[in-house]
Amino acid sequence: MCGRYVSATPPDQIAAYFATGAPEALLEPSYNVAPTDDVYAVLADGGLRHLDAFHWGLVPYWAKDAKIGSRMINARAETVATNNAFTSAFQKRRCLVPADGFYEWAKRPGQKTKQPYFAHPPDGGLYAFAGLWEVWKGPNRDQPPLRSCTIITTDANDAMTSVHDRMPVILPESAWDAWLDRDNDDVALLGRLLVPAPPQIITLRPVGTAVGNVRNNGAQLLDEVEVEP
DNA sequence: CCAGACGTTGTT
DNA sequence: GTCTGG
DNA sequence: CCAGACGTTGTT
DNA sequence: GTCTGG
């Protein structure tokens with residue numbers, strides 16, 4: 001799945017990478033992005049792409065309580081088109097979530113602690129996770145609407161299976177326009193984009209367990225560690 | 001018809 | 001909002 | 001995803 | 001064990 005990732009590239013570089021306008025809100029770089037954090041997402045409006053901040057954890061517009069968001073951090077590619085919680089967002093509110101890489105935890109036989117791995121592009125660049133977004137207008141009319149998002153997951157590819165059986169959907173640049181186009185109602189075509197990425201775009205690096213605590217942050221979280229066999 | 005859910009993951 | 005279960 | 005809490009009452 | 005918070 002995808003429950004923790006890295007977004008440390010400065011906003012102007014993210015904007016340049018995805019050919020968006022300047023971001024509306026500036027977020028601090030994070031080496032430990034956790035659910036409920038504010039994150040960047042790329043949306044398209046007409047031919048123009050925008051880089052906006054969203055709360056990670058989808059709150060459907062019909063939700064009575066925003067708390068549901070903390071349990072909606074991922075959506076399964078296999079069911080995103082049919083599940084009530086996601087259908088309308090899948091049809092009309094798709095986005096890309098930029099990331100420098102993501103973490104997955106591998107269970108180690110005979111040991112209680114899990115080994116975290118940082119999965120990242122071999123030669124730099126950013127991942128574009130497939131995501132959905134929503135706007136929730138809570139009971140308080142005075143409060144600004146809550147903008148939230150979720151990351152779509154799929155089966156692990158050959159690069160990831162040794163660590164975990166799920167991974168985020170990573171879209172190639174060739175798919176970005178089709179995915180972001182609000183007028184694209186070809187759900188069959190959209191569904192075919194939600195497949196495991198080719199393994200060669202992933203390099204795995206074992207890192208320290210400090211990343212497990214959301215209070216920890218900083219580039220040192222990416223330092224490689226020795227893995228006990 | 002109304003009431004109630006609407007999610008993913010991991011683990012056993 | 002929309003679907004499922006009763 | 002992992003870490004950490006997991007309770008009620010009354011008082012300020 | 002299970003839920004909430006980050």
Heavy atoms only, 4.0 Å cut-off, all strands: where does [X] land among base, sugar-phosphate and nothing?
X        : value
A/Ile68  : nothing
A/Phe102 : nothing
A/Thr79  : sugar-phosphate
A/Asn74  : sugar-phosphate
A/Tyr103 : nothing

Hey, is the side chain of [X] poking within less than 4.0 Å of OP1 or OP2 on [N], counting only N and O atoms?
X        : N      : answer
A/Asn216 : E/dG6  : no
A/Thr153 : B/dT9  : yes
A/Lys114 : B/dT11 : yes

Give the rounded distance in Å between these two atoms: [atom1] of [X] and [atom2] of [N].
X        : N     : atom1 : atom2 : value
A/Asp38  : E/dG5 : CG    : P     : 17 Å
A/Asn213 : E/dG6 : CG    : C1'   : 9 Å
A/Met72  : B/dT9 : CE    : C1'   : 14 Å

Residue [X], side-chain heavy atoms: nucleotide from [options] that is nearest:
X        : options              : value
A/Lys107 : B/dT8, B/dT11, B/dC6 : B/dT11
A/Arg166 : D/dC2, C/dG1, B/dT9  : B/dT9
A/Asn84  : B/dT11, C/dC3, E/dG5 : C/dC3
A/Asn83  : E/dG5, E/dG6, B/dT8  : B/dT8
A/Trp62  : C/dG1, D/dC2, B/dT8  : C/dG1
A/Arg215 : D/dC2, B/dT8, D/dG4  : D/dG4

Handout entry: Identified pairing partner of B/dT8, criterion: Watson-Crick or G-U wobble below 3.5 Å
Key = none
Problem - Base-pairing assignment for D/dA3 (Watson-Crick or G-U wobble, both under 3.5 Å) - result: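 Result: E/dT4.
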Practice task
Answer yes if the side chains of A/Thr9 and A/Asp100 hold a donor-acceptor pair under 3.5 Å, and no otherwise.
Solution key: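 A/Thr9 vs A/Asp100: donor-acceptor pair found between side chains.
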Problem - Separation of A/Leu26 CG from A/Asp38 CG (nearest 0.5 Å) - result: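 Rounded to the nearest 0.5 Å, the CG-CG separation comes to 12.0 Å.
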Practice task
Describe, in one word, how the ring planes of A/Trp176 and A/Tyr17 are oriented to each other, choosing from parallel (under 30°), tilted (30 to 60°) and perpendicular (over 60°).
Solution key: tilted
Handout entry: Parallel, tilted or perpendicular: rings of A/Tyr127 and A/Phe102 (30°, 60°)
Key =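 Correct class here is tilted.
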Handout entry: Pairwise P distance, C/dT2 and B/dG7 [rounded to whole Å]
Key = 15 Å
Handout entry: Cation-pi check, A/Arg205 onto A/Phe118 ring (under 6.0 Å, within 45° of axis)
Key = no
Handout entry: Residues A/Arg93, A/Glu134: salt bridge by 4.0 Å N-O rule
Key =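 Yes, this pair counts.
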Exercise for the section: Specify the residue among A/Arg76 and A/Ala85 whose closest nucleotide of DNA chain B lies further upstream toward the 5′ end. Expected result: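 First, find each residue's nearest nucleotide; the 5'-ward one identifies A/Ala85.
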